[in-house]
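Here the structure is a predicted model, which is why all the values come from computation and not from measurement. The figures here come from the full heavy-atom set of this structure, side chains too, leaving out hydrogens, waters and symmetry mates.
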Amino acid sequence: MISQPSADAVAPVSGHQLTIRSGDHEATVTDVGAKVRRYAVGGRDVFTPFDADEVAPAGHGSILAPWPNRLRDGRYTFEGTAYQLDISEPARMTALHGLAMWHRWAVVEVDDADHAADAAVTLALRLPASGGYPFDVHMTATYRLSTDGLRVTVAAVNLGTTAAPYGIGFHPWLSPGPGSLDGCTFRLDAQTRVLVDDRLLPTGTEPASGDYDLRAPRSVRGLDLDDAYLDILRDDAGLSWAMLTGSDGRTAAVWMDESMGCWQVCTGDHITPAWQRTGLAAEPMSCIADAFRTGDRLMVLEPGARHDVMWGATLL
């Protein structure tokens, strides 16, 4: 069991490294953003990793809260009051992926006793109030690793005296393994695609069809995705899956339970050139882009209220 890192301890750029293991499963979580920097099984990456001395390149492994995806002009009105957030994506004039991903989270506990059958790391963050988000939300994230895979739970509690708008998402990039993304197939359990404008903000929906119908595994070659999906399909256990099968025949898979009902998938064709098509983002989300403005699937946390989500990943 490892306690909170010392405040003056030297850390890599991505933050203090918290590694847990179970059998041949190994995951490293950073305290900056509570990100999953790497997750591998038997040395085969499930998530596309980034270096410890590197800033997460494209949301890699991040918790996206208190909103996922984009917010138009960084502006919204909640309960009659207008708010302005910093513009973090200048090219599209949006506030992107919330606030939690760049804060240093407090390490609550790391339990990795000699490759325990069930190892875990728990981190917590009380979001600092700001002019754009003057709400008092406390988040606790637990990453639990077993020989079945990685399971992630996040609980958010409103500690303030007023209601708070809230949404959450996660940003794992599924690894193609030893081959290229073009050599992979991909499947997504969802029926409806969200339509967007030139700023990637939602304008409507349509049934997923053609290149965007991912309900059966299809080649990723030629696919250029940065799309949200709704009308989620679930298996008998209530789980919805995103599955990337590499040229080695192994499948990097992400699932979400019924606590979330939206996917965002991205092939990375338009991110930083060094990272283009090095993985496929499969992002469980509680709401889609612009939810603070539209109210679509937005969670309103009343004072004292708690919101829980769960998702996970494994190698098949």
Check: Take atom CZ in Arg72; do more than 12 heavy atoms of anything else shown fall under 6.0 Å from it?
Finding: yes
Scanning both residues in full, the closest heavy-atom pair of Leu316 with Ala253 reads CD1-CB, 4.1 Å
Does the side chain of Asp269 come within less than 4.5 Å of Gln276's, by heavy atoms?
no
Nearest heavy-atom approach of Asp31 to Leu18 is N-CD1, 4.5 Å
### Task
May I ask you to say whether Asp182 pairs ionically with Arg277, meaning some side-chain N is under 4.0 Å from a carboxylate O?
yes
- Message: Could you tell me if the side chain of Asp211 sits less than 4.5 Å from the side chain of Arg218, heavy atoms only?
- Response: yes
Short side-chain donor-acceptor distance under 3.5 Å, Ser88 and Asp86 = no
Self-check item: Side-chain ion pair, Arg70 and Asp290, N-O less than 4.0 Å
Solution: no
Note to self: Would Trp263 and Ile232 count as a side chain to side chain contact (heavy atoms under 4.5 Å, CB included) here? Give the steps.
What the structure shows: CA-CA 8 Å; Trp263 285 107; Ile232 302 307; 3.4 Å; yes
d(Leu123 CG, Glu109 CD) to nearest 0.5 Å is 11.0 Å
* Asked: Checking side chain to side chain contact (heavy atoms under 4.5 Å, CB included) for the pair Val154/Phe170: CA distance, chi angles, key distance, verdict?
  -> CA-CA 10 Å; Val154 176; Phe170 303 87; 3.7 Å; yes
Check your understanding: Is it the case that Thr142 and Thr122 place a side-chain donor and acceptor less than 3.5 Å from each other?
Key -> yes
d(Asp53 CG, Gln17 CD) to nearest 0.5 Å is 8.5 Å
Is the Lys NZ or Arg CZ of Arg193 less than 6.0 Å from the centre of Tyr212's six-membered ring, within 45° of the axis?
yes
Rounded to the nearest 0.5 Å, the OG1 atom of Thr185 sits from the CZ atom of Arg221 at a distance of 12.5 Å
CG (Asp24) and OG1 (Thr147) are apart, to the nearest 0.5 Å, by 8.5 Å
- Thr28 and Thr19: side-chain donor and acceptor closer than 3.5 Å? yes
Check: Is the side chain of Ser240 donor-acceptor paired with the backbone N or O of Asp189 at a distance under 3.5 Å, no angle test?
Finding: yes
In terms of heavy-atom contacts, Pro202 and Val194 come closest through CB-CG1, 3.7 Å
Review point. Any cation-pi pair here, Lys35 with Trp102, using under 6.0 Å and within 45°?
Key: yes
Output for pair (Cys266 SG, Asn69 CG), nearest 0.5 Å, gives 10.0 Å
Shared hydrophobic cluster for Ile63 and Ile20 (ILVMFWY, side-chain gaps under 4.5 Å)
yes
So, Asp73 and Arg199, do they make that salt bridge, N to O below 4.0 Å? yes
> Are Met299 and Leu301 close enough, and set up right, to give a side chain to side chain contact (heavy atoms under 4.5 Å, CB included), and what steps lead you there?
Replying inline: CA-CA 6 Å; Met299 176 66 61; Leu301 288 178; 4.0 Å; yes
* To do: Determine whether Tyr39 and Glu26 make a side-chain contact, defined as any pair of heavy atoms from C-beta on separated by less than 4.5 Å.
  => no
So CZ of Phe135 and CG of Leu127: to nearest 0.5 Å the spacing works out to 11.5 Å
Q. Using 30° and 60° as the class limits, which term best fits the ring planes of His171 and Trp173: parallel, tilted or perpendicular?
A. parallel
Joint cluster assignment, Leu315 & Val36, ILVMFWY side-chain distance < 4.5 Å = yes
**Message:** Tell me whether Leu96 shares a hydrophobic cluster with Tyr76, the cluster being built from Ile, Leu, Val, Met, Phe, Trp, Tyr side chains joined at under 4.5 Å.
**Reply:** no
Q. Is Arg144 salt-bridged to Asp111, going by a charged N under 4.0 Å from an acidic O?
A. no
Problem set entry | Arg44 and Asp248 ion-paired at < 4.0 Å | yes
request  = Please examine the side chains of Cys262 and Tyr229, heavy atoms only from C-beta on, and report whether any two atoms are closer than 4.5 Å.
outcome  = no
- Query: Any donor-acceptor pair under 3.5 Å linking the side chain of Ser130 with the backbone of Tyr133?
  - Reply: yes
- Item | Cationic N near anionic O, under 4.0 Å, Arg215 to Asp213 | yes
Q. Just checking, is any N or O donor in the side chain of Asp235 or Trp241 under 3.5 Å from an acceptor N or O on the other one?
A. yes
message: Between Leu225 and Leu64, is there shared hydrophobic-cluster membership here, with clusters defined by ILVMFWY side-chain heavy atoms closer than 4.5 Å?
response: no
Q: Would you check if Val41 and Val46 make a side-chain contact, meaning some heavy-atom pair closer than 4.5 Å?
A: yes
Assess, by modelled atom type and distance only, whether the side chains of Ser175 and Asp45 contain a donor and an acceptor separated by less than 3.5 Å.
no
- Any chance you could lay out the side chain to side chain contact (heavy atoms under 4.5 Å, CB included) test for Met256 and Met285, step after step, and finish with the verdict? CA-CA 9 Å; Met256 63 181 177; Met285 304 187 301; over 6 Å; no
Minimal heavy-atom distance between Phe50 and Ser14, with the atoms involved, is CE1-CB, 3.9 Å
When you compare the side chain of Val309 with that of His307, does any pair of heavy atoms fall below 4.5 Å? yes
*Is Glu54 salt-bridged to Arg37, going by a charged N under 4.0 Å from an acidic O?*
no
### Hphob cluster co-occupancy, Trp67 + Ile288, side-chain heavy atoms under 4.5 angstrom
no
Under a 4.5 Å cut-off applied to non-hydrogen side-chain atoms, are Thr267 and Asp224 in contact? yes
Minimal heavy-atom distance between Val32 and Gly15, with the atoms involved, is CG2-CA, 3.6 Å
If we only count heavy atoms from C-beta on, is the Trp275 to His60 side-chain gap below 4.5 Å? yes
Closest heavy-atom pair, Leu174 versus Ala252, reported as atoms and distance to 0.1 Å, is CD1-O, 3.6 Å
